[in-house]
Amino acid sequence: MCLVELKGSPKPVASCAWGVRDCRPGPKGEPPEVFTKTPMVRKAREGVMEFLLINHPLDCPICDQGGECDLQDQAMAYGVDSSRFKENKRAVEDKYVGVLVKTIMNRCIHCTRSVRFMTEVAGVPELGAIGRGEDTEITTYLEQAMTSELQGNVVDLCPVGALTSKPYAFAARPWELNKAESVDVMDALGSAIRIDTRGREVMRILPRDNDDVNEEWISDKTRHVVDGLRAQRLDQPYIREGGQLYPASWRDAFDAIAAKVDTTEVKRTGAIVGDLATVEETFALKDLMTRLGVVNLDCRQDGAVLDPAWGRASYLFNDTIAGIEKADALLIVAANPRREAAVLNARIRKRWRMGAFPIGLIGERADLTYRYDYLGAGPQTLADVAAGAHEFASVLKKAERPVVIVGMSALARPDGAAIASLAARAAQVGGSDGWNGFSVLHTAAARVGALDVGFVPGAGGRNAAQMAAPGALDLLFLLGADEIDIAPGAFVVYIGTHGDAGAHRADVILPGAAYPEKSGIYVNTEGRVQMAGRASFPPGDAREDWAILRALSDVLGRKLAYDSLAQLRQALFKAHSHLRRLDQIAPAERADIAALAARGGTPEKAAFGRALDDFYFTNPIARASAVMAECSLIAEGHAALTAAE
Amino acid sequence: MSVRRLADAAIQPKSFAFTVENLDWAKGEIAKYPEGRQASAILALLWRAQEQAGGWLPQKAIEHVADLLGMAKIRALEVATFYTMFNLAPVGQFHVQLCGTTPCVLRGADKLIKLCHDTIGEPLQISGDGKLSWVEVECLGACVNAPVAQINYDYYEDLTPENFTKILADLAAGKEVKPGPQVARQFSAPSGGPTTLTDPALYAHGNGGPLHDPALRDADAKWPGEPANVREAAVPKSPVGDSSANRRS
């Protein structure tokens, strides 16, 4: 379909395979000319189109790709109104390739984009084209389910309706959907997404191009978590009475909280921010807590030791995601980028494929889709590398732009501070002047933003683990914090979206808005400030989280000084001016890393664990999703199979 | 051509591994290719696996070769299903690949196809005694001796229903058969002797001079030529330096 006319050439040429340097000049040395809209081009493309449509079924009215189909668009431009093909059309059996991708193989036009994506970008060569000629068929080996975390992207790549989204099958037509641009919160990368809604319901999530972050890919969790937004939702306030949760009005819920706040010591009150909170609501909660005099604040449910006091560079992915492509050596410390940030892993693989990119891994062995040197399992190896005693240290030393990725499983340990210091030293082993390759790979979308606004214990305050300990607190506010076990005893106020762990533990539940239902700022692991757009509205009586906090502050008699999101943002920008610069990264101080490296400390001997137990179950939305549960089952089965081999 | 799938699970062997000799040989094949390009040896290895497995490729054999070469199983399956020389289901002891392309059909291959249907059965089905199976293939490249059939490793040429029936019967009975042309001629030489360039006068020098032998006989060595890397044709010019550049001035 890319045929063009070349001046002086008797035949049309395929522009995808014809270099400009192959174009010949005219007889008098004029520069070559290429035509794209001549009658000859049109006729040639019509000819190709006729061949493409020979075996393509005319089932657009029942095809999920209808309305956003490349072949349909081309047929509108170059198709003829009738067919000269009198023979039978080819029929192809549909294949099973997993729970996310539905196949209708009659429609396949053998472009093999899906095969190339899985092999080259995802790095999991599971799809292939068997047979040949007209009988070519795209399939997995013996129709096993695909295991890549990026497999959903083949649906976007497929130019026809041969590979479509299984969970979204026959759900909506593209022209009925409202499209909102937003930012993903399933991992800390902040991939650019487009949320498609019909009425109030989120129908699907698609990637947007953002070369700085996700290029054009998103992970399966980002894409298919959609059904989790419908299930298990909290749509009205609840109050626990006699061990049972009963529906309540906002007024009663607020009164119950106010009564508790009035009778509780400030020292025995605390607040924890979860992994999906926007910067605005974190800021509002901190504001409210400060007005109450509470210092027990924390945003690090998993116990990560990162501290804003160490400087902003100490908790950012300083190399930047796009910077991976310029790096010339990589040390991964206790991280599994494939699980913790699947799109970032594709970027590392892209760099690895370019060659001359030594990669070392310390921590748990995993199939990362690229080759790496396994250096060791625990902090001792990291100490050797940092001290220059390990042979990988010489690789880092030679490199101009070495990157050290530090995972959450290294930092969320009691000795995390010592390990962070070691990693900072390893990041300083090599590299040219001014280079900062110390890169913290966060797993929570809210974490960097919350650290930026300083949602950490104040002077004499308790951290998350201490707050959750038995008998530590009498009153605890959870802003979507579900990944931490709160010991019995404390009165828990849960502001969140799903009936998950936090809601089960709560004494008062205030229903909030999930990420497609509110506009908010997220700061990704690089420190890039991004604005998520609103696509829908919270269900039932649920409200946006900042509005809940604002209303609660009024009842508590400590009214927050903003009545709209715009005013809240103004206050936020005034306090933290770098958040004003959307889509940009405020430069972090390289000296912070040197200071961090100098902190020292003695790490324990224990080997690094893993940050995510199950890629598909990392947050309340994913845990409510049936699709994610299916994916998790398949991944478990695959893991058992691989272990058996 | 038709859709090619692996054989039914019921007849797939439970395991496959190269014999010691074949494994040695396979390692030699793999060593022919530079580091990182081991997958290039797949055709040779699959072919040897097919020989070892008795003329067809079981699923486990494809997986064994894929593992040996460190490739994804789907990559090996792609190759095995692409090439028709790999049989994905068991074939007879003598597997007949009958050419059904134009020159052979013009010389009567359609009659041979019907004959195979009648005596052996459906394509890719093994005959009752397990000796024979057949399949129609595209051009075998011996059109000058059409019609042609390849049976295991040998070509049988100049076939007629009569001599083909006899070949099949002899093979099934375990008798010796003669590969090559089934009529009186050597290789692709004209049957019944030369038909052109037979006039001795052609080999005379000048008018009425003494007769000479042909300049070259079949037995003679050919004239030594330049090595292949020495160009006999003119070296192509770059577009800048060609005639269009001259026309400019």
Side-chain angles (χ1 to χ4, degrees), chain A residues 6-9 19-32 90-93 95 97 105-106 108 110 112 114-116 118-120 122-148 353 355 367 369 371 641-642 645, chain B residues 1-9 12 15 35-39 42-43 46 57-89 124 137-139 236-249:
Chain A
L6 209 57
K7 191 173 188 182
S9 164
V20 170
R21 64 173 163 199
D22 297 332
C23 300
R24 304 187 66 162
K28 294 198 180 69
E30 309 97 329
R90 171 200 62 160
V92 187
E93 293 160 50
K95 309 287 187 296
V97 295
M105 282 315 198
N106 279 342
C108 180
H110 302 160
T112 66
S114 50
V115 177
R116 288 192 58 195
M118 292 300 281
T119 310
E120 295 175 18
V124 190
E126 289 173 328
L127 278 181
I130 61 166
R132 65 159 127 157
E134 189 190 42
D135 299 308
T136 306
E137 297 182 349
I138 306 293
T139 181
T140 53
Y141 187 68
L142 305 180
E143 302 200 25
Q144 291 160 346
M146 294 192 281
T147 58
S148 169
R353 276 168 57 86
D367 175 10
T369 73
R371 226 172 289 142
L641 204 71
T642 324
E645 280 175 10
Chain B
M1 282 295 292
S2 57
V3 175
R4 286 156 57 80
R5 293 281 156 79
L6 292 181
D8 194 52
Q12 292 280 0
S15 65
E35 181 63 31
R37 304 282 176 194
Q38 288 80 2
I42 185 161
L43 280 181
L46 281 178
L57 269 180
Q59 178 196 335
K60 294 288 175 196
I62 297 173
E63 289 172 10
H64 180 68
V65 170
D67 289 345
L68 213 55
L69 297 173
M71 4 174 10
K73 294 188 179 97
I74 182 75
R75 291 282 101 83
L77 184 70
E78 282 177 332
V79 174
T81 53
F82 185 92
Y83 291 105
T84 45
M85 69 181 193
F86 295 123
N87 300 309
L88 299 178
L124 288 173
V137 296
E138 299 306 324
C139 186
K237 282 181 254 176
S238 70
V240 206
D242 69 5
S243 53
S244 64
N246 301 339
R247 243 175 284 166
R248 201 180 310 166
S249 53

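Labels below follow one simple rule: chain letters A, B, ... track the order of the sequence lines, proteins then strands, and each chain is numbered from 1. For clarity, every value in this text was computed on a predicted model and none was experimentally measured.
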Quiz item: Relative to chain B, which segment of Glu137(A) carries a heavy atom at a distance below 4.5 Å: side chain, backbone, both, or neither?
Solution: side chain
Quiz item: Judged by atom type as modelled, is there a donor-acceptor pair below 3.5 Å linking the side chain of Arg4(B) to the main-chain atoms of Gly131(A)?
Solution: no
Quiz item: Between Leu142(A) and Leu6(B), does a side-chain contact (heavy atoms from CB on, under 4.5 Å) hold up when you go through it step by step?
Solution: CA-CA 9 Å; Leu142(A) 305 180; Leu6(B) 292 181; 3.4 Å; yes
Quiz item: Given a strict heavy-atom distance threshold of 4.5 Å, which part of Gln144(A) is in contact with chain B: side chain, backbone, both, or neither?
Solution: neither
Exercise. Of all the heavy-atom pairs spanning Ile74(B) and Tyr141(A), show the shortest one and how long it is.
Key: CD1-N, 3.7 Å
Quiz prompt | Proximal component of Thr140(A), with respect to chain B [non-hydrogen, under 4.5 Å] | solution = backbone
Exercise. Kindly check if the number of other-residue, nucleotide or ligand heavy atoms within 6.0 Å of CD (Glu93(A)) is above 12?
Key: no
Quiz prompt | Arg5(B) atom CZ: more than 12 heavy-atom contacts under 6.0 Å | solution = yes
Exercise. Heavy atoms only: give me the nearest Arg75(B)-Pro125(A) pair and the separation to one decimal.
Key: NH1-CB, 3.6 Å
